[in-house]
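See below for the structure under consideration.
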Amino acid sequence: MTITENMKFEKTAKDPDSSASCGLLYTDHGVIETPIFMPVGTSGTVKAVFHRDLKNDIKAQIILGNTYHLYLRPGTEIIRKAGGLHKFISWDGPILTDSGGYQVFSLAANRKLTTEGCTFRSHIDGSKHLFSPEVVVEIQRVIGADIIMALDECPPGDSDHAYAKKSLKLTKNWLERGAVHFDSTEPLYGYKQAFFPIVQGCIYPDLRIESAEHAVKLNSEGYAIGGLSVGEPTELMYQMLEVIDPILPKDKPRYLMGVGTPSNILEGVARGIDMFDCVMPTRNARNGMLFTSEGVINIKNRKWADDLSFLDINGTSFVDMVYSKAYLRHLFVAGEILGAQIASEHNLAFYLWLVKEARNHIKAGDFKAWKNSMIKRLETKL
RNA sequence: GGGGAGAUACCAAAGUGGCCAACUGGGGCAGACUGUAAAUCUGCUGGCUUACGCCUUCGUAGGUUCGAAUCCUGCUCUCCCCA
């Protein structure tokens, strides 16, 4: 089986000291510069952020949606009627949808796995649903994301080898079926969609290699790496990236799913990753945590109560040089919704700034040195 | 002036003889968060201590009792009703 549609990806720069590289990924909704961070918009919204700010201030190039959540609510009929998710949510840039594989993991209490697929109980109303590799391709055709994901099982980070092996067998089976179904169906709205397999295998090199080699046979337009940052030590995550680095094709984008902290992202870039997504900048923002060029801030801490300095003196976002730390703290303490909005905008802008800097330093040839000095600052607790 | 009710930790509010350093909520302080069931969750919140434990607390001064936030008496203060 071969995926028939094409999504052009070209490499534009290569770091001499690591596997980091820059590239351009062409979609029908726009060109994505890699390495890139993709804000997560699970239910058709990047929480607490207007598209206007996402585009003009944060400079997001692609956002995520989630098959499971959108399927349950608002449901595929209204999305189809709207003409796809782009039109429904009024976002004309690229979109990637996760298949719901992560919910197989995070909503494990409400699910049942079979070879056929995964039977869910809706977390909203308890109703029963089946997600099979074919069904999630169908749903993602209706959603109309530019990049759609295969259904996988994302096993917990502490899974033993026997379980991981069994899980991988299921993920491989699902991948093959999903790819066949993708090949035998057409996009609904006149623009191309790409189908990304997901490499699994937990923290076991042999399984990661097996999974990567299996996925590569599909000759797809990009490859995702899943099942990391799910409780395993960070160092093992990096090792897994190194194990599969030589196996995945250099001329196709690689997407590390669900990662991560700013440091994780830079280390991922160094190990050949082109695309990242994570709820961290938005969720942590809503919980009062800011990622800044000088370190992390818990804006709810008392120490910021009378600090009238800007949020991030080196920040590039609109909010950075408008609002003070003391004001943002006040908003959080008072439970004002604007606090979540400002923090979300700041964090996302910071993440997008970070990957832009990474691209610039890859092009300049000093990525590794920059990365190492940056990580020290990023991990400082202010 | 007469009658009634009440004073518990930062606030509110349980507790009416031992299981009480004292429920619970708020507030405060801190922590967590990685393909979002999250504007969420967790811990601490009298003092010393890592902990065990010890010490000082339920308006105040005494008393009863083996033992008191809880029972009795005086005092101080607050609130409500009538005049």
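We name chains A, B, ... by the order of the sequence lines, and we start the count at 1 in each one. Owing to the predicted nature of the structure, the values given are computational and were not obtained by experimental measurement.
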Pick the [atom1] atom in [N] and in [M], then give their distance to the nearest Å.
{"N": "B:rU16", "M": "B:rC11", "atom1": "C1'", "answer": "23 Å"}
{"N": "B:rA21", "M": "B:rA69", "atom1": "P", "answer": "9 Å"}
{"N": "B:rG15", "M": "B:rU8", "atom1": "C1'", "answer": "9 Å"}
{"N": "B:rG28", "M": "B:rC10", "atom1": "P", "answer": "16 Å"}
{"N": "B:rC66", "M": "B:rC80", "atom1": "C1'", "answer": "41 Å"}
{"N": "B:rG26", "M": "B:rA13", "atom1": "P", "answer": "16 Å"}
{"N": "B:rG25", "M": "B:rA14", "atom1": "P", "answer": "15 Å"}
{"N": "B:rC71", "M": "B:rU64", "atom1": "C1'", "answer": "8 Å"}

Taking a pair as Watson-Crick or G-U wobble with both distances under 3.5 Å, which nucleotide is matched to [N]?
{"N": "B:rC66", "answer": "B:rG18"}
{"N": "B:rC79", "answer": "B:rG4"}
{"N": "B:rA9", "answer": "none"}
{"N": "B:rG31", "answer": "B:rC41"}

Original post:
Think A:Ser106 has a side-chain N or O under 4.0 angstrom from the OP1 or OP2 of B:rA37?
Top reply: yes
Would [X] and [Y] pass as an ion pair if we require N to O under 4.0 Å?
{"X": "A:Lys165", "Y": "A:Asp160", "answer": "no"}
{"X": "A:Arg141", "Y": "A:Glu138", "answer": "no"}
{"X": "A:Glu267", "Y": "A:Arg271", "answer": "yes"}
{"X": "A:Asp245", "Y": "A:Arg254", "answer": "yes"}

**OP:** For the residue pair A:Tyr238 and A:Asn264, confirm or rule out a side-chain donor-acceptor distance under 3.5 Å.
**Re:** yes
**OP:** Would you check if there is a donor-acceptor pair between the side chains of A:Thr171 and A:Gln200 at a distance under 3.5 Å?
**Re:** no
Original post:
In residues 84-95 of chain A, which residues come under 4.0 Å of RNA chain B by heavy atom?
Top reply: none
Original post:
Counting any heavy atom closer than 4.0 Å, what does A:Val46 reach on the DNA or RNA strands: base, sugar-phosphate only, or nothing?
Top reply: nothing
Original post:
Between A:Tyr189 and A:His86, is the gap from one ring center to the other below 6.0 Å?
Top reply: no
**OP:** On RNA chain B, check which nucleotide each of A:Val333 and A:His69 is closest to and give me the residue with the more 5' one.
**Re:** A:Val333
Subject >> base_contact_polar (B:rU36 base, A:Thr282 side chain, donor-acceptor, <3.5 Å) >> reply: yes
Within this structure, what is the [atom1]-to-[atom2] distance between [X] and [N], rounded to whole angstrom?
{"X": "A:His123", "N": "B:rA37", "atom1": "NE2", "atom2": "C1'", "answer": "4 Å"}
{"X": "A:Arg286", "N": "B:rA37", "atom1": "CZ", "atom2": "C1'", "answer": "12 Å"}
{"X": "A:Gln341", "N": "B:rA39", "atom1": "CD", "atom2": "P", "answer": "13 Å"}

Original post:
How far does CG of A:Leu151 sit from CG of A:Asn173, to the nearest 0.5 angstrom?
Top reply: 10.5 Å
Subject >> Side-chain donor/acceptor of A:Lys112 to backbone N/O of A:Cys118, under 3.5 Å >> reply: no
Original post:
Hey, which of A:Ser167, A:Pro155, A:Pro156 is the one that makes side chain to side chain contact (heavy atoms under 4.5 Å, CB included) with A:Cys202?
Top reply: A:Pro155
Original post:
Which letter, B, S or -, goes with each nucleotide of nucleotides 30-35 of chain B from 5' to 3', with contact meaning a protein heavy atom under 4.0 Å?
Top reply: SSBBBB
